[in-house]
Amino acid sequence: MYTLSTLPGDDVRQIMWRFSDRFDLQMVVQSARQIARGTVATLVAEGARHTHEWTEHKAQLLEAFDQSGLTSLFMDPHQGGFIEGPKNLALALVAFELSWVDGGSATCSLASNLALAPIHEKGTREQRDFYMHRATPPQPGEDREIWRGAFALTEPLPYVGVDTGVLVGKVRVDEWKDGAEPMLHVEKRGRFITNMDFAHFVTAAVDSADERIQGSCMITLQADDPGSFDRGAPTLKMCHQLSSTRDPIITVKVPASRIIGGYEIKDGVIVPKYSHSEIIGAVFHRTRIPVGLMTTAKLLSAVEPVIRYQRSRFRGGDASGPGSPKFEMGLQQKEDAQQRLVDIWAMGEAGASLGFGAARMADAFDPVEKRKEALLEEQGCTGPRKQMAALKKKQAETLEYVDLLFADPADKAANQARLDELEADTLVRFSYLDAVLGVTIPATKVWNTGSGANTLREAISLMGGYGITEDCPGFLMYKWADSQLEATYEGPEAVQRMHLTVTMGNPVFLAVLGKWADKLDASDRPGAAALDAAIRAWLWAYEFLDAAKDAEGKKLLHRKRQGVTFPLADALCWLVAAASLFDDVDALIENGPMNPTVAEGLEGLVGFYTDLAFVQAARAAGEAGRILAELVYGYGAQADTSAFAALRAEIDANLAGARLAKDRAGEALTQVMIPEALDYPM
């Protein structure tokens, strides 16, 4: 029986989430943590969440972000930032640290970055340098105000939500003199727009209401533009009160050069270089990761307060005295209390592994995507359809790349020259990364927030009646309420499932998923065999459903059959998250011995994480197996399903020992040492 001496610290997280060699990211984590445990926690404890208005009290957050460097995190060094290159992992770590205490503060931190993201991804060089520079704190010798931004996509439709295909915001030509730049009139009514109390500019999605402007675009609107910049009424939301959210009404006159990405004139018509949907696609591709990790941070942050509550539950009463088991262990004498907390911890770890894995891959993807854009533009492939056709021609080589990438060491060494050649091919590398991220990013968003919110309810219930009081340690009740909104930010759950409906059938991703199953099959780690069988069952079900028809002869696997595709996507998310946790535990086993701090208690850590991974694999295999069985058998399809039945039986048989793993992990929770008190106020 191993011993888990302390809760995992920074050294363990840096190894598992692969930034132990990034001193800059470690400093970012410390800065964000200091704000979270200091300014943010104090604001929450003092009742700043109890109003919808943006107050001077809440505005302390902005000052803290500026002073700590978080305001500049999104920018490159020449724009006033301090990290060169992609920053997906950095932003994910900041969101995680802030959300450990309060999700609204993380939203407040990320909102300006979201406003800048359309300019960063698709803006002209002049647009990027103009806005990025102004959004950083002034440098020595400068005397200027820091610009904040807001992102206005959501329309004032009934209720609140995102439908990127419906744009009520309109743009038309206001004035167009010969030889002069066109002046545009923009009307935009936003709903649920973050940062509106203090935004200096808004990046807004608008549609043409003028035959002299083609299609839709995104455009920047500034508070000092001629016209009306009404910030609107505060949104009366029930969560994330540490962020500013209003419903603005903007009617302004702006030059056409504000169109993000620029434009050209064709036959007297203004043609934006990018439609609003092209820009939003590029932006949301990445920004969903931090939001998914916000809910995950709450889950992991619940572990320590729940342990403290469980152990001290009976102290102070007449029924137990110091030294008695009831006094020392409290509720942790009960197996159920221990093991339900193990489930919460395992869910949190799997979500973190999935999200930070996606963030790391997104960092690798960013430069490849830029090289792809430049290459295809040189080849004249500028439109989405032409680019898709060019990439499809690379599919066979990409599948060959996947084979070599996941080959055993001997085969890889024998084919290293070919592997290097394929890896150097920009389109092959892009196709591989795009296929994996096309699944892992929406999976992070929909699974971490959706299943995470459900699991947070479990965490609150473990605190008894204390959990639903304002003085519940760790602000768990607030975190649960906030998680409901995180399932909506950056696209609600249905949007993510629609995304997965398209991407999970990518042949490259299906090949990669098969390789993940092979890797698990080759592993001797407890639980790996169950997860391997579950992934193979998913792959079998996908192929089966793709060919099957229902009793009325209608195709089952079709994007309009959401009763089939959405559950299939949900099952995949469980499996991908569990596989990600196995990958991170592998990293701990491989690299832990090289860190003196971690090496000291590595045996206990590895034993505990191995059991957590088994617990999560069993849960994921069970959830996926149930969903897949409903889909395969549920439509009464007439076909041979014996192979599927055999895989389901294999899953069940490979769960042998899963409950023993949970017993061990639960026992470890009764022994782990925790601090005397939380490091942030109640």
Side-chain angles (χ1 to χ4, degrees), residues 1-34 36-37 89-90 92-94 96-97 100 293 296-297 299-304 307 341-342 344-361 363 519 523-528 577-617 661-662 664-676 678-679:
M1 177 69 188
Y2 57 80
T3 300
L4 182 67
S5 56
T6 60
L7 297 172
D10 282 342
D11 290 311
V12 177
R13 299 302 189 193
Q14 290 164 14
I15 291 171
M16 295 182 71
W17 301 340
R18 321 292 207 283
F19 66 101
S20 55
D21 60 343
R22 292 283 304 272
F23 183 70
D24 53 347
L25 296 185
Q26 294 167 23
M27 292 299 99
V28 166
V29 167
Q30 292 304 319
S31 295
R33 184 175 301 167
Q34 188 174 9
R37 316 293 168 96
L89 181 55
L93 288 166
V94 168
F96 184 89
E97 287 297 331
W100 189 276
L293 284 166
T296 296
L299 273 181
L300 291 176
S301 77
V303 171
E304 183 184 329
I307 292 176
L341 184 54
V342 167
I344 292 167
W345 194 335
M347 286 286 291
E349 292 290 348
S353 297
L354 174 60
F356 285 118
R360 292 194 302 274
M361 184 170 276
D363 276 353
K519 184 179 177 183
S523 169
D524 58 358
R525 299 251 310 284
S580 300
L581 179 53
F582 270 83
D583 194 47
D584 278 3
V585 178
D586 282 344
L588 179 62
I589 294 171
E590 181 178 350
N591 299 315
M594 290 177 273
N595 183 307
T597 304
V598 176
E600 187 175 349
L602 186 61
E603 183 180 357
L605 270 173
V606 168
F608 180 71
Y609 270 108
T610 299
D611 283 336
L612 272 192
F614 195 173
V615 167
Q616 191 59 27
K662 184 174 281 190
R664 290 191 296 271
E667 178 66 19
L669 285 182
T670 67
Q671 306 296 322
V672 67
M673 186 166 55
I674 60 172
E676 287 293 323
L678 281 179
D679 59 356

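Worth saying up front: this structure is predicted, and the values here are computed from it rather than measured. For the numbers below, each heavy atom of this structure counts, side chains included, while hydrogens, waters and symmetry mates do not.
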Quiz prompt | Trace of the salt bridge (Lys or Arg N to Asp or Glu O under 4.0 Å) decision for Asp583 with Arg18 | solution = CA-CA 11 Å; Asp583 194 47; Arg18 321 292 207 283; 3.1 Å; yes

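- Here the closest non-hydrogen pair linking Val615 and Ala346 is CG1-CB, 4.3 Å.
- In this view, Asp10 and Gln30, Arg33 satisfy the side-chain hydrogen bond (donor to acceptor under 3.5 Å, both in side chains) rule, not counting sequence neighbours.
- With sequence neighbours excluded, the residues that form a ring pair (Phe, Tyr, Trp, His ring centres under 6.0 Å) with Trp100 are Phe96.
- Every residue two or more places apart in sequence or in another chain was checked for a side-chain hydrogen bond (donor to acceptor under 3.5 Å, both in side chains) with Gln26, and none qualifies.
- Rounded to the nearest 0.5 Å, atoms CD1 (Ile307) and CG (Leu7) are 5.5 Å apart.
- One finds the CG atom of Leu612 at 10.5 Å from the CG atom of Leu605 (value rounded to the nearest 0.5 Å).
- Partners of Ser20 under the side chain to side chain contact (heavy atoms under 4.5 Å, CB included) rule, at least two apart in sequence or in another chain, are Gln14.
- Taking the salt bridge (charged side-chain N to carboxylate O under 4.0 Å, His left out) definition, one finds that Asp586 meets it with Arg525, sequence neighbours left out.
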Scan the side chains in residues 593-604 for donor-acceptor partners under 3.5 Å anywhere in the protein, sequence neighbours excluded, and list what turns up.
from   : atom 1 : to     : atom 2 : distance (Å)
Asn595 : OD1    : Thr597 : N      : 2.9
Asn595 : OD1    : Val598 : N      : 3.1

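- When all heavy atoms of Phe582 and Ala613 are compared, the pair lying nearest together is CE1-O, 3.5 Å.
- Considering only residues two or more places apart in sequence or on other chains, Ser353 meets the side-chain hydrogen bond (donor to acceptor under 3.5 Å, both in side chains) condition with Asp584.
- In terms of heavy atoms, Ala90 sits closest to Leu25 at CB-CD2, 3.5 Å.
- Pairing each heavy atom of Ala352 with each of Trp17, the nearest pair is CB-CZ2, 3.6 Å.
- Taking the side chain to side chain contact (heavy atoms under 4.5 Å, CB included) definition, one finds that Ala577 meets it with Ala350, Leu354, Trp447, sequence neighbours left out.
- By the ring pair (Phe, Tyr, Trp, His ring centres under 6.0 Å) test, Phe608 pairs with Trp345, sequence neighbours left out.
- With sequence neighbours excluded, the residues that form a side chain to side chain contact (heavy atoms under 4.5 Å, CB included) with Thr6 are Met673.
- The side-chain hydrogen bond (donor to acceptor under 3.5 Å, both in side chains) pairs that include a residue from residues 606-616 are Tyr2-Asp611, Arg13-Tyr609, Glu349-Tyr609, Asp611-Arg664, where partners are two or more places apart or lie in different chains.
- Residues satisfying the side chain to side chain contact (heavy atoms under 4.5 Å, CB included) test with Glu667, not counting sequence neighbours, are Met1, Thr670, Gln671.
- Counting only heavy atoms from C-beta outward, the side chains of Leu93 and Phe356 approach each other to under 4.5 Å.
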